[in-house]
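As structure tokens, the structure follows; a few thoughts come after it.
Lettering of chains follows the sequences in order, A, B, ..., and the numbering in each one begins at 1. When reading the values below, keep in mind they use all heavy atoms of this one structure, side chains included, and skip hydrogens, waters and symmetry mates.
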Amino acid sequence: MLLKLLKYDFRAMWKQFSLVWGAALALALVNRFTVFRDAASNVTSNSELFMFAFMAVIMAMLVLAVIFVVNRFSKGLLGSEGYLMHTLPVRPWELVASKLICGAVTWIGCGVVAVASVFVMTPINWAELIQFPFWGELFRGIVKHPDAIVLVLEFCLLILSTTVQSIAMIYLALAAGHLFSRHRRLISVAAFIGLYILIFNIYGRVFSVRFIQRLMNIATVNVYGSLLTASAIMLIPAAAFLVVVCWILEHKLNLE
Amino acid sequence: MSDFLIECRGLYKSYGLRPALSGVDLEVGPGRIVGLLGPNGSGKTTLIKLLCGLLQPTRGELAVDGSAIGPYTKSVISYLPDRMYFADWMKAVDLFDLFRDFYADFEYEKAIAMCRSLGVEPGDRLKSMSKGTKEKVQLVLAMSRQAKLYLLDEPIAGVDPAARDFILRTILTNYNEEGTVLISTHLISDVEKVLDEAIFLKEGKIMLHATVDDIREREGKSVDALFREIFRAQPMEGGGF
């Protein structure tokens with residue numbers, strides 16, 4: 001059932017983001033032929049305008065990504081669309097997991113598009129770049145130390161863990177607002193600020209100088225362990241938040 | 001397995017301090033068309049939402065087809081809510097696909113045929129549809145299932161008398177006859193002719209639960225007349241005009 005839910009969540013995501021992602025990449029491509037040509041010659045081709053449009057699209061994309069995560073949960077599960085989603089024969093955790101996976105992929109997708117647009121915009125001569133000796137050395141390095149790939153994967157896991165934790169915090173704040181009959185949005189905002197302060201304080205205590213030193217010691221012995229520990233530190237509160245969210249949807253759902 | 005499709009024991013639901021349902025005991029068997037009748041604010045929608053799992057009871061027990069509310073009961077209930085529940089970016093066929101994926105008893109071809117007979121183009125985007133057409137799509141979704149229990153929340157509210165007959169006819173010609181249909185409404189005269197049983201709800205309590213034949217025989221009047229008698233509002237007196 002989770003896969004079926006994901007199919008519809010990803011379809012909704014694609015409807016919203018295909019245009020924005022396409023616009024960001026298209027404007028990056030336009031800028032590639034305007035900004036750098038203007039810099040090289042005295043010809044002007046409204047490059048400032050295109051650059052401004054590109055920056056605006058990137059900003060809009062990042063704002064839209066946050067709004068998307070908030071709306072897919074608040075409208076999709078706690079609003080009128082919840083009348084459909086909560087009458088489907090699925091468990092609340094499947095609904096939450098589907099929204100979470102789709103939200104995380106959306107955020108990461110936006111990040112990838114933002115980085116990719118910079119590459120598209122920069123006039124790199126890929127043919128020359130491929131011949132650059134760095135790639136050969138990199139390849140030889142990976143062959144010599146194949147566990148470096150593990151390190152890259154762990155770094156990706158860390159980014160994913162941070163993303164999941166942020167989304168879980170948003171979901172918990174929205175679910176907390178749902179417990180009240182009035183001023184739900186206001187309470188959700190207050191809950192988010194409260195959770196943020198709480199997490200910040202907990203991490204402030206956990207990441208003491210001694211702890212960081214210990215982590216660095218692990219890193220000198222085993223760098224993989226330190227990245228995994230950091231991921232776990234992100235995922236433990238995220239798991240706790242999601243358990244509470246599922247409990248609220250299972251026992252305190254109130255679609256009045 | 002219980003003989004009853006719906007079983008409520010001491011069901012109580014409150015919104016804050018205000019009770020919406022107070023100690024409801026109810027048993028409804030299969031193969032019935034039941035009217036859930038009461039004025040606005042009597043608890044009809046609350047009872048239906050509790051059966052669907054959209055609300056959680058404050059206390060008491062609730063079972064559908066012998067099971068507590070959960071994925072199984074949701075798989076046998078077809079629900080027509082009193083509001084629009086779909087995202088505007090979808091088309092009617094997207095919703096049919098979704099229902100086919102999640103409900104084993106959903107009949108896709110029947111849904112398409114019902115759409116055509118109701119004058120709805122299944123390929124149209126919901127955003128471009130009128131409120132009435134969207135309501136028809138929701139009716140098609142609910143009635144294209146071979147469910148054990150149909151929960152229809154105010155299906156004929158806010159439409160003209162001709163449309164009411166049309167909606168009732170659509171319900172009666174498409175529901176699974178082995179299942180039970182629970183229709184909530186305060187427009188008694190329109191539904192009375194199709195009901196097997198009537199449940200009168202007043203201020204969250206069941207005032208009466210009997211077959212329509214019993215009511216007519218015992219009270220010597222129609223369900224509509226009895227409803228008006230029970231729920232007649234007392235005009236304010238002593239105004240001194």
Would you mind telling me which of [options] has the largest number of heavy-atom pairs within less than 4.5 Å of chain A?
options: B/D97, B/T46, B/I77, B/T73; answer: B/D97
options: B/A87, B/A20, B/G53, B/P81; answer: B/A87
options: B/L55, B/L95, B/L54; answer: B/L54

Is chain B contacted by the side chain of [X], its backbone, both, or neither, given a heavy-atom distance below 4.5 Å?
X: A/H86; answer: both
X: A/K252; answer: backbone
X: A/Q16; answer: neither
X: A/S181; answer: neither
X: A/K4; answer: both

Got a donor-acceptor contact below 3.5 angstrom from the B/T170 side chain to the B/F166 backbone?
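Checking the backbone N and O of B/F166 against the side chain of B/T170, a donor-acceptor pair under 3.5 Å is found.
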Polar side-chain atom of B/E154 near backbone of B/T45 as donor-acceptor pair, under 3.5 Å
no
For A/L253 and A/L77: C-alpha separation, side-chain torsions, deciding distance, then whether side-chain contact (heavy atoms from CB on, under 4.5 Å) applies.
CA-CA 10 Å; A/L253 184 68; A/L77 294 184; over 6 Å; no
Do B/R100 and B/F106 form a cation-pi contact, if we require the NZ or CZ to be under 6.0 Å from the six-membered ring centre and within 45 degrees of the ring's axis?
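No, B/R100 does not sit over the ring of B/F106.
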What is the ring orientation for A/F17 with A/F68, classed by angle as parallel under 30°, tilted 30 to 60°, or perpendicular over 60°?
perpendicular
Measure the acute angle between the ring planes of A/Y83 and B/Y79, then classify it against the limits of 30° and 60° as parallel, tilted or perpendicular.
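Parallel, since the angle between the ring planes stays under 30°.
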In this structure, are over 12 heavy atoms from other groups packed under 6.0 Å from B/K110 atom NZ?
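For B/K110, atom NZ is crowded (more than 12 foreign heavy atoms under 6.0 Å).
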Interface residue of largest heavy-atom contact number with chain B, from A/V90, A/L5, A/T87, A/N254, under 4.5 Å:
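Looking at each option in turn, the highest pair count goes to A/T87.
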